[in-house]
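Just below is one structure, and these are the notes that go with it.
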Amino acid sequence: MIGGRQTYLYFEGTPLFPFGHGLSYASFAYTDLTARAEQGAVHVEFMVTNTGDVTADEVAQLYTRAADPSVPRPRRELVAHRRVTLAPGERAELDFQVPLSAFEFWDVARGGWRLEPGSYDLLIGASSEDIRLRTAVTLDGEPATPRALVQHGLSAADFDEQSGGEIVDRTKAAGDAVTPARGGTAELTYRHCDFGDGVTEVTVEVAGEGVVELSLDGGPALAELALPEPTSGPYDYTTLGAGIVVEGVHEVHLRLRGPLRLARVGFSG
């Protein structure tokens with residue numbers, strides 16, 4: 001979805017019918033927006049007025065987006081909505097209490113949800129593209145930390161960027177793995193990887209047939225781990241190892257060649 005800029009979350013074009021779009025027999029005005037962050041939630045209040053000639057419904061929608069995210073985030077994301085029925089000239093005060101968890105994102109570097117500190121835009125309107133009011137709140141959160149490779153390794157599907165790859169099932173029951181599309185070549189990037197005081201070995205859990213190539217910061221290959229022969233099936237994983245000498249924080253690049261599935265990468269030593 002992110003790479004293809006799909007759905008209202010990421011699409012940057014002009015949709016024929018925006019997410020949240022609907023027709024009404026009346027027009028509505030949005031005014032008097034206030035917002036504050038306290039007690040584990042963002043409290044938003046505003047007025048909606050029927051400026052038309054007949055009684056009608058309006059679905060007021062609240063979207064949010066991170067103003068300066070450190071990773072690709074949705075251009076806007078629906079976090080609350082409410083339908084109101086108003087007579088001509090009638091006003092309604094709407095209030096939303098949005099938990100801070102609604103502003104979190106799945107941080108692949110830590111394998112969990114994280115609220116990134118910073119400014120968040122609040123966008124209120126009649127659809128994802130028909131925004132009538134906007135303001136911003138600043139939220140405290142947890143700053144990003146490097147990936148602790150020695151302790152946790154890398155789950156293959158937790159890349160920051162990729163090209164030419166597909167996420168597939170690791171087993172028939174659970175888990176994710178990455179494979180090159182149509183058995184070609186895939187490039188995977190993992191940023192801010194902390195090798196600590198140093199490692200001397202890399203291992204990969206793979207199935208199928210092909211080669212995993214490891215490099216750092218766009219430099220030459222440090223290790224090539226090749227399956228000596230195809231495994232008995234796509235879920236028959238084996239562990240390959242190679243010697244490396246690395247310390248400190250780097251950007252890890254993996255190149256997958258051939259019809260293999262990569263599940264996990266480990267570091268030790």
Side-chain angles (χ1 to χ4, degrees), residues 1-108 112-142 167:
M1 288 174 58
I2 297 175
R5 312 306 295 175
Q6 298 175 22
T7 78
Y8 86 97
L9 297 174
Y10 300 101
F11 182 60
E12 296 172 344
T14 302
L16 183 61
F17 298 106
F19 180 83
H21 167 79
L23 299 178
S24 177
Y25 292 103
S27 57
F28 296 86
Y30 289 66
T31 58
D32 304 326
L33 171 62
T34 63
R36 66 189 187 279
E38 61 182 21
Q39 299 180 345
V42 173
H43 304 263
V44 181
E45 298 177 354
F46 57 95
M47 300 292 297
V48 177
T49 304
N50 183 343
T51 57
D53 299 325
V54 297
T55 298
D57 286 1
E58 174 75 337
V59 179
Q61 301 161 39
L62 170 60
Y63 297 85
T64 185
R65 66 183 174 200
D68 187 25
S70 60
V71 298
R73 299 282 298 275
R75 56 188 296 271
R76 61 194 54 175
E77 187 172 9
L78 181 69
V79 293
H81 69 282
R82 187 169 303 157
R83 177 185 293 271
V84 292
T85 302
L86 299 175
E90 185 180 2
R91 306 176 72 195
E93 182 180 49
L94 302 185
D95 64 277
F96 297 114
Q97 297 187 27
V98 184
L100 294 183
S101 59
F103 297 85
E104 295 177 348
F105 74 101
W106 183 264
D107 186 353
V108 294
W113 295 96
R114 180 169 71 89
L115 175 60
E116 185 170 35
S119 178
Y120 289 81
D121 296 327
L122 301 175
L123 311 171
I124 294 158
S127 79
S128 61
E129 300 296 331
D130 185 4
I131 301 301
R132 311 290 184 86
L133 300 171
R134 63 184 67 218
T135 188
V137 292
T138 299
L139 303 180
D140 295 327
E142 302 174 76
I167 295 178

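Computed over heavy atoms, backbone and side chain alike; hydrogens, waters and symmetry mates excluded.
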Spell out, as yes or no, whether a donor-acceptor pair under 3.5 Å connects the side chain of Ser128 to the backbone of Phe19. yes
Using side-chain heavy atoms (C-beta onward) and a distance below 4.5 Å, is Tyr8 in contact with Leu78? yes
Looking at side-chain heavy atoms only, is the closest gap between Arg91 and Thr31 below 4.5 Å? yes
Would you find more than 12 non-hydrogen atoms of other residues, nucleotides or ligands less than 6.0 Å from Asp53 atom CG? no
Would you give the length of the straight line joining atom CG of Leu139 to atom CD of Glu104, rounded to the nearest 0.5 angstrom? 10.5 Å
Which pair of non-hydrogen atoms, one from Phe96 and one from Ala80, has the smallest distance, and what is that distance? CD2-CB, 3.6 Å
Taking all atoms of both residues into account, what is the closest heavy-atom pair of Ile124 and Tyr30, and its distance? CG2-CD2, 3.8 Å
Go through the structure and list residues passing side-chain hydrogen bond (donor to acceptor under 3.5 Å, both in side chains) with Thr7, not counting sequence neighbours. none
Distance in Å, Leu33 CG paired with Leu122 CG, rounded so as to fall on 0.5 Å steps: 7.5 Å
The side chain to side chain contact (heavy atoms under 4.5 Å, CB included) partner of Leu115 among Asp140, Leu100, Asp107 is Leu100
Pairing of Arg114 and Glu142 as salt bridge, 4.0 angstrom limit: no
Can you see which heavy atom on Phe28 is nearest to which on Thr51, and at what distance? N-OG1, 3.6 Å
Apply side chain to side chain contact (heavy atoms under 4.5 Å, CB included) to residues Glu116 and Asp68 and explain how you reach the verdict. CA-CA 10 Å; Glu116 185 170 35; Asp68 187 25; over 6 Å; no
Nearest 0.5 Å please: distance from the CG atom of Asp57 over to the OH atom of Tyr25. 11.0 Å
Distance from Met47 atom CE to Thr34 atom OG1, nearest 0.5 Å? 11.0 Å
Gap between atom CH2 of Trp113 and atom CH2 of Trp106 - 0.5 Å precision: 7.0 Å
Using only atom types and a distance under 3.5 Å, with no angle test, would you say the side chain of Glu58 pairs donor to acceptor with the backbone of Val48? no
For residues 71-81, pull every pair meeting side-chain hydrogen bond (donor to acceptor under 3.5 Å, both in side chains), keeping only residues two or more places apart or in separate chains. Arg75-Glu129
Restricting to non-hydrogen atoms, name the atom on Ala126 and the atom on Arg132 that form the minimum distance, rounded to 0.1 Å. CB-NH2, 4.0 Å
Is there a side-chain contact between Leu86 and Thr49, using heavy atoms and a 4.5 Å cut-off? no
Is there a donor-acceptor contact under 3.5 Å from the side chain of Tyr63 to the main chain of Ile131? no
Nearest atoms (heavy-atom pairs only) where Asn50 meets Ala87: CB-O, 3.2 Å
To the nearest 0.5 Å, what is the distance between CZ (Arg65) and OH (Tyr120)? 13.5 Å
With a 4.5 Å cut-off on side-chain heavy atoms, are Val137 and Ser119 touching? no
If you take all heavy atoms of Ser127 and Gly20, which pair is closest and at what distance? CB-C, 3.7 Å
Just by modelled atom types, is the Asp121 backbone N or O under 3.5 Å from a matching donor or acceptor in the Thr64 side chain? yes
